[in-house]
Amino acid sequence: MTTRCWAAPSADSKLAPFSIQRRAPGPTDVAMDVLFCGVCHSDLHQARGEWGRSSFPMVPGHEVIGRVTQVGAQVTKVKPGDLVGVGCMVDSCRTCAQCEAHHEMFCEAGPAWTYNGTELDRKTPTYGGYSTHLVVTERFVVTVPRGLDPARAAPLLCAGITTYSPLRQWGVEAGQQVGVVGLGGLGHLAVKLARAMGAEVTMLSTSPSKKADAQRLGASDFALTTERSTFKTHAGRFDVLLDTVSAGHDVDSLLRLLKPFGALALVGMPPKAMEVKAASLVGGNKRFAGSSIGGMKETQAMLDFCAAKGVLADVEVIPAQAINEAYERMLKNDVRYRFVIDAKTV
Ligand code: NAP
Ligand code: ZN
Ligand code: ZN
């Protein structure tokens, strides 16, 4: 199927209209019309080659909400007309220990990423959601609970699961103190999700102009990481810190804000290494952890949790033609709080 999309031709050129072929759906495939696709900072990192493993032309986009148009004969999960979601992966081996444990992102053979990767044949390039149609095998499609606004649900497919999963891993619950670092796409959902889990949330930001928004999103406190006093006032306060910052920053100082046995979970992926002193971890038995998206089972659980708690992204819906400008605004920390492409404009 000929599919219109927007692609980065190379790491140093702007995204532009492009055309690709999607496969005809096989027996386990779900074909969909893309309705909305969120714009993740990972799209920008990869389209500009910042992580050093980019292949071009690249069609980014891994926060997809689509309407099913056709299903293969063996598909049982969804039917034409259903609203579905696709996140960062479109396939994995399904048989290794990680796949069996529902951690497909750590598939021992390597998952098929939604874009900037290949199908499991390791040859056919994958192209993401800045496009009009998508064909994905059933296991990597999630069902969107009734009543969720599709544009506002799209960012849940990456930003939502990436923040939900570490909050669950680190046992966030009512009464705990959670600090969210960086108020962008991931950060704003982290605030809403941690609040929905019952925690008291503090926003740690570099942008004074985001204070009122942080409170509206559910944070009961706000502190600037650009002010030294923050690291004294809030020292030893947090059970869990969720760090969503996209650029290099002082993680070592953030560790001071944890209680003994507290955990700083890093989900942001700055391209360069960041320094941590041994003493910052050893004193207080602190944990410095990472977290990568989440498996398909947990992604479905996250969507169901969001539906039950009324958690959705705050979005600015844009036409595909505005994608280059959206990237520039993201770099200026000027996103409130997720750009979402309306696929009708692709
Ligand atoms: P985003 O919307 O651009 O938000 C990033 C926020 O980080 C900014 O709004 C800003 O918040 C803060 N920030 C930016 N530059 C900073 C600096 N130099 N110092 C301190 N703070 C800074 O990005 P996003 O889409 O949420 O993604 C965030 C990061 O997560 C990216 O690196 C992305 O690749 C990564 N990511 C990882 C996973 C995973 O599986 N682990 C999944 C998705 C995304 P303030 O204005 O509040 O300071
Ligand atoms: Zn993402
Ligand atoms: Zn596997």
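Counting starts at 1 for both ligands and their atoms, following the listed order.
We find that Asp314 and Arg338 are not joined by a salt bridge, their nearest charged nitrogen and carboxylate oxygen being 4.0 Å or further apart. A salt bridge links Glu104 to Arg139: one of the charged nitrogens lies within less than 4.0 Å of a carboxylate oxygen. Using a 4.0 Å cut-off between charged nitrogen and carboxylate oxygen, Lys210 and Asp213 do not count as a salt-bridge pair. The pair Lys259-Asp239 counts as a salt bridge, with a side-chain nitrogen and a carboxylate oxygen less than 4.0 angstrom apart. Ion pair Glu200/Arg195 not flagged as a salt bridge, since none of the NZ, NE, NH1 or NH2 atoms sits closer than 4.0 Å to an Asp/Glu carboxylate oxygen. Salt bridge absent: Lys297 and Glu100 never bring a charged side-chain N and a carboxylate O closer than 4.0 Å. Between Lys123 and Asp121 there is no salt bridge, since no side-chain nitrogen of the basic residue lies less than 4.0 Å from a carboxylate oxygen of the acidic one. A salt bridge links Arg329 and Glu316; the closest N-O separation between the charged side-chain nitrogens and carboxylate oxygens is under 4.0 Å. A salt bridge is defined here as a Lys NZ or Arg NE, NH1 or NH2 lying under 4.0 Å from an Asp or Glu carboxylate O, and Asp29 with Arg23 meets this definition.
In the hydrophobic clustering of this structure, Val335 groups with Tyr130; members are Ile, Leu, Val, Met, Phe, Trp, Tyr whose side-chain heavy atoms approach within less than 4.5 Å, directly or through other members. When hydrophobic clusters are built by joining Ile, Leu, Val, Met, Phe, Trp and Tyr residues whose side-chain heavy atoms come closer than 4.5 Å, directly or via intermediates, Met269 is not grouped with Leu264.
Residue His41 holds the heavy atom nearest to atom 24 (P) of ligand 1 of all those in His41, His45, Arg336. Atom 42 (C) of ligand 1 has its nearest heavy-atom neighbour, among Leu183, Thr162, Ile161, Asp213, in Thr162. Nearest to atom 28 (C) of ligand 1 by heavy atom, out of Leu186, Thr244, Val335, Leu224, is Thr244. The option from Thr206, Leu266, Thr163, Val267 that lies nearest to atom 20 (C) of ligand 1, judged by heavy atoms, is Thr206.
Around the Zn ion (ligand 2), the protein contributes the following N, O or S atoms under 2.8 Å, ordered by chain and number: Cys40 SG, His62 NE2, Cys158 SG.
A donor-acceptor contact closer than 3.5 angstrom links the side chains of Thr137 and Arg94. Side-chain contact of Ser280 with Arg256: a donor-acceptor pair under 3.5 Å is absent, judged by distance alone.
Counting atoms of ligand 1 from 1 in the listed order, those under 4.0 Å from a heavy atom of Gly184 are 2 (O), 4 (O), 9 (O). Near Ser292, the atoms of ligand 1 lying under 4.0 angstrom from a non-hydrogen atom of the residue are 40 (O). Applying the 4.0 Å criterion to heavy atoms of Arg338 picks out, from ligand 1, the atoms 24 (P), 25 (O). Here is the list of ligand 1 atoms found below 4.0 Å of a heavy atom in Ser205: 45 (P), 46 (O), 47 (O), 48 (O). Residue contact check: Cys158 has heavy atoms under 4.0 Å from atoms 42 (C), 43 (C) of ligand 1. Atoms of ligand 1 found under 4.0 Å from any heavy atom of Ile293 (numbered from 1 in listed order, with element): 39 (C), 40 (O). Near Ser207, the atoms of ligand 1 lying under 4.0 angstrom from a non-hydrogen atom of the residue are 45 (P), 46 (O).
Here CE of Met105 is found 10.5 Å from CE of Met296. Values are rounded to the nearest 0.5 Å.
Using a 30° and 60° split on the angle between ring planes, Phe238 and His234 fall in the parallel class, below 30°.
When rounded to 10 degrees, the angle formed at the Zn ion (ligand 3) by SG (Cys93) and SG (Cys107) equals 100°.
At the shortest separation from atom 7 (O) of ligand 1 among protein heavy atoms lies Val245 CA, 3.7 Å. Atom 8 (C) of ligand 1 has as its closest protein heavy atom Asn333 OD1, 3.5 Å. Among protein heavy atoms, atom 44 (C) of ligand 1 sits closest to Ser42 OG, 3.2 Å. For atom 5 (C) of ligand 1, the nearest protein heavy atom (residue, atom name, distance) is Ser246 OG, 3.7 Å. At the top of the distance list for atom 12 (C) of ligand 1, counting protein heavy atoms only, stands Gly182 CA, 4.0 Å. Among all protein heavy atoms, the one lying closest to atom 18 (N) of ligand 1 is Ala247 CB, 3.5 Å.
Residue Trp51 places a heavy atom under 4.0 Å from ligand 1. Distances from ligand 1 to the non-hydrogen atoms of Cys40 include at least one value under 4.0 Å.
Residues Pro57 and Pro9 form no side-chain contact, since every pair of their non-hydrogen atoms from C-beta on lies 4.5 Å or further apart. Residues Leu257 and Leu241 are in side-chain contact: their nearest non-hydrogen atoms beyond the backbone lie under 4.5 Å apart.
Not a single N or O atom of His249, backbone or side chain, sits closer than 3.5 Å to an N or O atom of ligand 1. Ligand 1 has an N or O atom lying under 3.5 Å from an N or O atom of Gly185, backbone or side chain.
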